[in-house]
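One structure is given here, and the rest of the page talks about it.
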Amino acid sequence: MATVLITGGTGLIGNALTKELINKGYEVIILSRHAAKQNQGDSKKTFANWDVKNATIDKEAIQKADYI
């Protein structure tokens with residue numbers, strides 16, 4: 001199963017894209033400023049930290065992704 005990494009996954013378009021990707025069998029990682037608050041046990045959708053202000057990103061999430 002392929003993994004897709006996206007930004008903006010909590011917005012209107014991002015939510016729709018995430019649902020569509022999951023329905024097609026993909027796992028989705030969403031980059032978020034508040035990843036710890038978002039992860040709620042959905043095995044097909046997880047959140048990873050991305051803080052533009054402090055120039056930090058979850059490098060493991062990038063390595064797991066087959067598509068960005």
Side-chain angles (χ1 to χ4, degrees):
M1 182 175 317
T3 301
V4 179
L5 179 75
I6 65 171
T7 63
T10 58
L12 180 67
I13 294 170
N15 271 319
L17 175 62
T18 297
K19 287 178 187 177
E20 189 64 26
L21 289 168
I22 290 171
N23 287 339
K24 290 189 181 272
Y26 292 93
E27 292 185 16
V28 179
I29 302 172
I30 300 170
L31 291 176
S32 173
R33 292 173 290 185
H34 308 289
K37 293 180 184 178
Q38 304 282 344
N39 283 324
Q40 297 181 7
D42 186 345
S43 64
K44 300 282 184 182
K45 176 176 76 173
T46 57
F47 290 81
N49 285 314
W50 182 33
D51 186 341
V52 176
K53 192 178 205 180
N54 293 312
T56 60
I57 194 165
D58 185 336
K59 292 179 183 175
E60 282 185 35
I62 295 170
Q63 291 175 341
K64 288 179 187 177
D66 297 299
Y67 305 100
I68 298 177

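Throughout, numbering of the chain's residues begins at 1 and tracks the sequence.
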N49 versus L31, closest heavy-atom pair with distance:
O-CD2, 4.2 Å
Side chain to side chain contact (heavy atoms under 4.5 Å, CB included) between I30 and K45, intermediate numbers included
CA-CA 7 Å; I30 300 170; K45 176 176 76 173; 3.9 Å; yes
Can you see which heavy atom on T3 is nearest to which on K64, and at what distance?
CB-O, 3.7 Å
What is the distance from atom CD of E27 to atom CD1 of I22, rounded to the nearest 0.5 Å?
9.0 Å
According to a 4.5 Å side-chain heavy-atom criterion applied to Ile, Leu, Val, Met, Phe, Trp and Tyr, with indirect links allowed, do I57 and V52 form part of one hydrophobic cluster?
yes
Could you walk me through whether V4 and I6 pass side chain to side chain contact (heavy atoms under 4.5 Å, CB included), step by step?
CA-CA 6 Å; V4 179; I6 65 171; 3.7 Å; yes
Between T56 and W50 the two heavy atoms that sit nearest each other are O-CD1, 3.4 Å
If you take all heavy atoms of I29 and A48, which pair is closest and at what distance?
CG2-CB, 3.8 Å
Closest non-hydrogen atoms of L5 and A65, given as atom of the first, atom of the second and distance, are CB-CB, 3.7 Å
So, taking the atom named CG in N23 and the one named OG1 in T18, what distance separates them when rounded to the nearest 0.5 Å?
10.5 Å
Closest heavy-atom pair, F47 versus T10, reported as atoms and distance to 0.1 Å, is CE2-CG2, 3.7 Å
Begin with the C-alpha distance, continue with both residues' side-chain angles, and end with the deciding distance and a verdict on side chain to side chain contact (heavy atoms under 4.5 Å, CB included) for D51 and R33.
CA-CA 5 Å; D51 186 341; R33 292 173 290 185; 5.5 Å; no
Within one Ile-Leu-Val-Met-Phe-Trp-Tyr cluster: L21 and Y67, side-chain cutoff 4.5 Å
yes
